[in-house]
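Worksheet: one structure, shown below.
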2 protein chains.
Amino acid sequence: MRTLKAPSAPTLEMVGAHAGVSRATVSRVVNGSPKVSEEIARTVRAAIAELGYVPNRAARSLASKQAHAIALVVPEDMTRLFGDLYLATIIVGINDRLQESDYVLNLMVASTDPHGKTMRYLQGGNVDGALVVSHHTADTFLSTLTSTIPVVFGGRPAAGIEGGYVVDVDNVAGSRTGTERLIAIGRKRIATITGPKNMRVGSEREAGFLAALADAGLTPGPVVEGDFTLSGGAAAMRTVLEQDPSIDGVFVASDSMAAGAMTVLRSMGIQVPTDIAMVGYDDSEAARSTEVPLTTVRQPSEEMGAAMADILIAVLNGAEDRPRTTILPTQLVIRASA
Amino acid sequence: MRTLKAPSAPTLEMVGAHAGVSRATVSRVVNGSPKVSEEIARTVRAAIAELGYVPNRAARSLASKQAHAIALVVPEDMTRLFGDLYLATIIVGINDRLQESDYVLNLMVASTDPHGKTMRYLQGGNVDGALVVSHHTADTFLSTLTSTIPVVFGGRPAAGIEGGYVVDVDNVAGSRTGTERLIAIGRKRIATITGPKNMRVGSEREAGFLAALADAGLTPGPVVEGDFTLSGGAAAMRTVLEQDPSIDGVFVASDSMAAGAMTVLRSMGIQVPTDIAMVGYDDSEAARSTEVPLTTVRQPSEEMGAAMADILIAVLNGAEDRPRTTILPTQLVIRASA
DNA sequence: TTGTAAGCGTTATCAA
DNA sequence: TTGATAACGCTTACAA
C-alpha cells in the first residue's frame, strides 16, 4: 500500500543538514571537487550513503546545462538485420563503461521519423553526445548531427558523412589472418565464399583473402559470392565445388555461411579439415555449434562498444587529441576446422 | 549561416516576449491548456514556430516532478543469450509506441551492479516507469522496484516478484498449435526436443506438445531436453533417433535447435519433410536459413514490445483498470518443413 | 576550505 | 482568461 505522501527523495539540502554542512559542500563532494577537506568529505559521504542520496538528474542538467545523457542511435534496419550477437554485445561493452560514468544511455531507433522528433531531440540539448551503431549503413541525416554534438560511429559510416569519430574493425587484416591460417597448415588450393560485394565488409574481407594469397604466391581458387545466410553459404559451397572440386581449403566470410557450407561438405562425404580445411568469420555462436568446431576470426564487438564509449566520454571531457579513427584488431580463434 | 555564438535555445520567456504575453501563457499553450483564448494561442504558436522553440526537458522535469523517461531494464544475461531477434524486435515495438509519446527510453543493463546505482537511479525519480524484459529470469531485486514505480514485465517474471504488469506469450497454446500442424499433416509418431526444463518456456512448450498429442489420442514419441543452441539441437536429434528411429515428425522448441537438428537429419540422408516433418519455434532468422525452410511458431515480439509500452503509458496516465496480465497469441508460420 | 546566494527553464498557485 | 511569483534541486561565482 502506498503511503499518502511518498517520502520524497533526499536532496543535497537534506544530506547537508544530516552532515552538518551546506548544500554547496555536499555538491562539491558529489562532484569530486578537490577543494574539500578529506575529513568533511568523509562525513558527507557517510551521510550520502545513509540517506541513499541520488542526484536529481533534471536539476543537475538544468543548472549545469549538460544533459548527462548519451544517445545510442540504432538505424532501424539494424534491429531487423542483426540476429547475431553483434548489437547486443556492443551494447554490453558500451554499458560497461557508462556504468562507471554518470551518463545515462538514451536508446533511439532512428528512421521511424528521421527528420523530426529524433533529430530535434538530439539537437535540442537533451543529450551531450551520440553513439551511432552504423555498421556501414548510416543514413546521411546523421551528418547534420556531427556538427551539433560529438558523435562516435561504430563501423565506418557511409561516405557522405563528415565529422565524428569512428571505431572500426580491421576487416582486411582479419580475413588476411584467417586466410593465412589456411596457408600455414599447408593448403595450396584455397577458395573463398564472400559476403555481398556491394557491402563494404564483403569486399574488404575478399580483399584480405586475395592479399594473403598474393603474398604467399598462391593462385586463388574459386571466389563465390554469398549472402551471409546459412543457406546462402550452402549454395555457394556447392558452386565452389562445381568450379573446382580439387580445393583443399576455403575461407568463408561469415560463420553462418560456414555452417551452411559445412553441412554440404558433410553430406558429400568430404571430411573437414582433412579433405578441405575451413575458416569462418565472426566467432558467433554458429562457430561453436557446427559439427566440426570452426576456426574463425573473432570480431571484438564488446571491445568495440567499450572503445566507442571511452572515446565519447573523453571527448565530452574535453579531449581534443583523440584520433578520428580507431581500428580494432581481430583475433584468430583456432578450433578444429583448420 | 551559423552565427559566431550559437544563440542559446529559445525559452518560454523569449517566446512570451515575442508574442507579447507572459511566460505562463506560453506554457499553457505549449501544454494545451483549454483556458487560453484562441486568438492569443494562435499568436503564441506563431511565435513558437518562428523561434523554433523546444521545451527544455530538464526544466520541465524539475518543475513537474516527472522524468518523462522510461527505463528499459535488460538483465545482463539476456544480452548474452539472445542472439536471435527477440530482444531487438521487442525494442522496435516499444520504440514504435514511445515515439508517439514524449517519453524517452533509458537503457539499463541490470546486474552489473544490481543493488547499487541502477536501482537507486530507478528509484530516485529519474524515470517514471520501467519496462523489464525478463523472459522469465527476472532477478528478485526487481520486486523492490514494483513498489516504487510502475513496472511492466515482458515475459512472466520469477515467482517471487510481486506487483507490476505482465505481458506474456501463450507458450502452451503456441507449442500446441505447432504440434497440431504435425498431426494435421498425418504424422503419427511425433517426438519433441524441448528447451531446458528448468526454464519456464521449456516446460510450457513441452506441456503444449503433450496436450496436443493427448487430444489427438496419440502416444508421444521421445521427449529429449535441449538447450536452445544449434549444437544442442543436433545432439538432441541424435538422441531422439536412437530412442526411436521410426518417428515421422518432431516438434522442436526453438528454431536454432531445429536448424541443428536438420543438419543431423540431412547428414543421415533423412528427408524433411518426407521422412520426418519438423516444426520449430520463434520464427527467427534461422527458420528462413535452413536448407528446408522451417515451419515454425511465431512469437509476436514486436507486438509484445508495443503492448508493454502501451500499458506502461496508460498506467502512467492514471489508468487503474488495466488487467495485470496480458497474454499475446502466437501464430503458426507454414513453410516447407511441415 | 566553506558558505551564501543567484540563477537554470519549467510548472503551478494565487491574485487580478 | 491572464500575469506575477514561488518553488523544483542543483551548480557556481563570489564572499567570508
Side-chain angles (χ1 to χ4, degrees), chain A residues 5-45 47-48 51-69 102 104 121 124-126 128, chain B residues 6-45 47-48 51-69 102 104 120-121 123-128:
Chain A
K5 185 170 182 294
S8 52
T11 68
L12 278 187
E13 197 73 51
M14 296 162 69
V15 175
H18 200 84
V21 299
S22 78
R23 101 160 133 262
T25 300
V26 181
S27 172
R28 293 189 186 103
V29 172
V30 170
N31 294 296
S33 161
K35 29 178 58 175
V36 171
S37 80
E38 183 49 41
E39 186 181 341
I40 290 203
R42 224 191 324 274
T43 322
V44 169
R45 275 191 287 268
I48 288 177
L51 268 49
Y53 168 78
V54 187
N56 177 308
R57 260 183 30 99
R60 180 185 278 212
S61 294
L62 185 56
S64 67
K65 307 207 144 272
Q66 292 195 298
H68 296 281
D102 56 13
V104 155
Y121 182 80
N126 295 299
D128 299 320
Chain B
S8 54
T11 68
L12 278 186
E13 197 73 50
M14 296 163 68
V15 175
H18 200 83
V21 299
S22 78
R23 120 171 105 245
T25 300
V26 181
S27 173
R28 291 188 187 104
V29 172
V30 169
N31 295 297
S33 160
K35 29 177 59 178
V36 172
S37 81
E38 183 48 40
E39 184 180 341
I40 289 202
R42 225 192 323 274
T43 322
V44 169
R45 273 193 287 267
I48 289 178
L51 269 50
Y53 167 80
V54 184
N56 178 309
R57 260 182 35 101
R60 179 182 278 205
S61 294
L62 183 56
S64 68
K65 304 204 145 282
Q66 290 196 296
H68 296 282
D102 57 11
V104 155
R120 283 206 306 276
Y121 182 81
Q123 314 223 35
N126 293 300
V127 297
D128 300 320

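Below, chain A is the first sequence line, B the second, and so on; all start at residue 1.
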Of all residues at least two apart in sequence or in a different chain, which pass the side-chain contact (heavy atoms from CB on, under 4.5 Å) check with A/T43?
-> A/A19
Name all residues meeting the side-chain hydrogen bond (donor to acceptor under 3.5 Å, both in side chains) criterion together with B/R57; count only those two or more places apart in sequence or in a different chain, and write none if there are none.
-> none
Positions of residues 34-43 of chain B (non-hydrogen atom under 4.0 Å from DNA chain D), listed by number = B/K35, B/V36, B/S37, B/I40
A/D102: partners by side-chain hydrogen bond (donor to acceptor under 3.5 Å, both in side chains), with sequence neighbours left out | A/R60
Kindly compute the distance separating CG (B/D128) from OG (B/S64), expressed to the nearest 0.5 Å.
-> 8.0 Å
Can you give one letter per nucleotide of nucleotides 5-14 of chain D, 5' to 3': B if a protein heavy atom sits under 4.0 Å from the base, S if only from the sugar-phosphate, - if neither?
-> BB-BBBBBB-
With sequence neighbours excluded, what pairs up with B/E38 under the side-chain hydrogen bond (donor to acceptor under 3.5 Å, both in side chains) test?
-> B/R45
Rounded to the nearest 0.5 Å, what's the gap from CD1 on B/I48 to CG on B/L12? Could you check?
-> 8.0 Å
To the nearest 0.5 Å, what is the distance between CD1 (B/I40) and OG (B/S22)?
-> 9.0 Å
Between its two end axes (five pairs each) the helix from C/dT1-D/dA16 to C/dA16-D/dT1 turns, nearest 10 degrees, through 40°
Provide the full list of salt bridge (Lys or Arg N to Asp or Glu O under 4.0 Å) pairs with a residue in residues 19-30 of chain B, sequence neighbours left out, each pair given once.
-> B/E13-B/R23
What residues form a side-chain hydrogen bond (donor to acceptor under 3.5 Å, both in side chains) with B/H68, not counting sequence neighbours?
-> none
What distance separates A/L62 CG from B/N56 CG, expressed to the nearest 0.5 Å?
-> 6.0 Å
If only side-chain N and O atoms of A/S22 are considered, is one of them under 4.0 Å from the OP1 or OP2 phosphate oxygen of C/dT2?
-> no
